[in-house]
Amino acid sequence: MDAFHREIDKLDHLGVQVLLEGPPPVVTPSQELIRSAHRCIRPLRNSIGAREQFDAASRECADAAESVAEAGLAFTAEVRDFAEAARRVLDDESAVEPVQGAGHPAR
């Protein structure tokens, strides 16, 4: 779980960077992606706890695994949405031009 939390911390940091510096079209998709990653924590933690407390074939483990799968599918959809938004922005060169006075040198 520690590694998972570290990766989410990285996402949080990158999300702040996108919020401050990124092109506006990717701000909302990046925030949704980060929220989705955070929503994965509880199902993952519950699944690990169920595996520690119950037999792997128990109903508790099956329910926990289903919750992880649902969260994973939702996260995958958010990654896909973010990747599509980022691809559109990269295809539109005017969307990635630095804004003068926003901490970037003018071209």
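The figures that follow rest on heavy atoms only: side chains count, while hydrogens, waters and symmetry mates do not. Just so it is clear, the model here is predicted, and its values are computed rather than measured.
- Within the model, atoms CG of L44 and CZ of R39 stand 15.0 Å from one another, a figure rounded to the nearest 0.5 Å.
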Could you go step by step and tell me if D55 and E60 meet the side-chain contact (heavy atoms from CB on, under 4.5 Å) rule? CA-CA 9 Å; D55 181 65; E60 291 84 0; over 6 Å; no

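- With a 4.5 Å cut-off on side-chain heavy atoms, D12 and H38 count as touching.
- Around CZ of R35, the count of heavy atoms belonging to other residues, nucleotides or ligands within 6.0 Å exceeds 12.
- S36 places no side-chain N or O within donor-acceptor distance of the main-chain N or O of E32, the cut-off being under 3.5 Å.
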Hey, mind stepping through T76 and V79 against side-chain contact (heavy atoms from CB on, under 4.5 Å) and telling me if it holds? CA-CA 5 Å; T76 300; V79 169; 5.6 Å; no

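- Scanning all heavy atoms of the two residues, the minimum distance from S30 to V18 falls at OG-CG1, 3.4 Å.
- The residues E84 and R80 are annotated as not salt-bridged, no charged nitrogen and carboxylate oxygen being separated by less than 4.0 angstrom.
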Taking only distance into account, with no hydrogens and no angle test, what donor-acceptor pairs under 3.5 Å do side-chain atoms of residues 63-72 form with protein atoms, sequence neighbours excluded?
unit_1 : atom_1 : unit_2 : atom_2 : d
D63    : OD1    : R59    : NE     : 3.2
D63    : OD1    : R59    : NH2    : 2.8
S67    : OG     : D63    : O      : 3.3

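- Sparse packing is recorded around NE2 of H13, with 12 or fewer heavy atoms of other residues, nucleotides or ligands lying under 6.0 Å away.
- Counting only heavy atoms from C-beta outward, the side chains of V89 and P25 approach each other to under 4.5 Å.
- Counting heavy atoms from C-beta on, the side chains of R88 and D92 never come closer than 4.5 Å.
- Distance CD1/I34 to CZ/F82: 8.5 Å, rounded to 0.5 Å.
- Annotation: the span from L33 atom CG to D81 atom CG amounts to 9.5 Å, rounded to 0.5 Å.
- Not counting sequence neighbours, the partners of E7 by the salt bridge (Lys or Arg N to Asp or Glu O under 4.0 Å) test are K10.
- Separating the CD1 atom in I8 from the CD1 atom in I41 is a distance of 3.5 Å, to the nearest 0.5 Å.
- Atom CG of L14 is separated from atom CG of L19 by 12.5 Å, given to the nearest 0.5 angstrom.
- D91 and R87 are joined by a salt bridge, as a carboxylate oxygen and a charged side-chain nitrogen come within less than 4.0 angstrom of each other.
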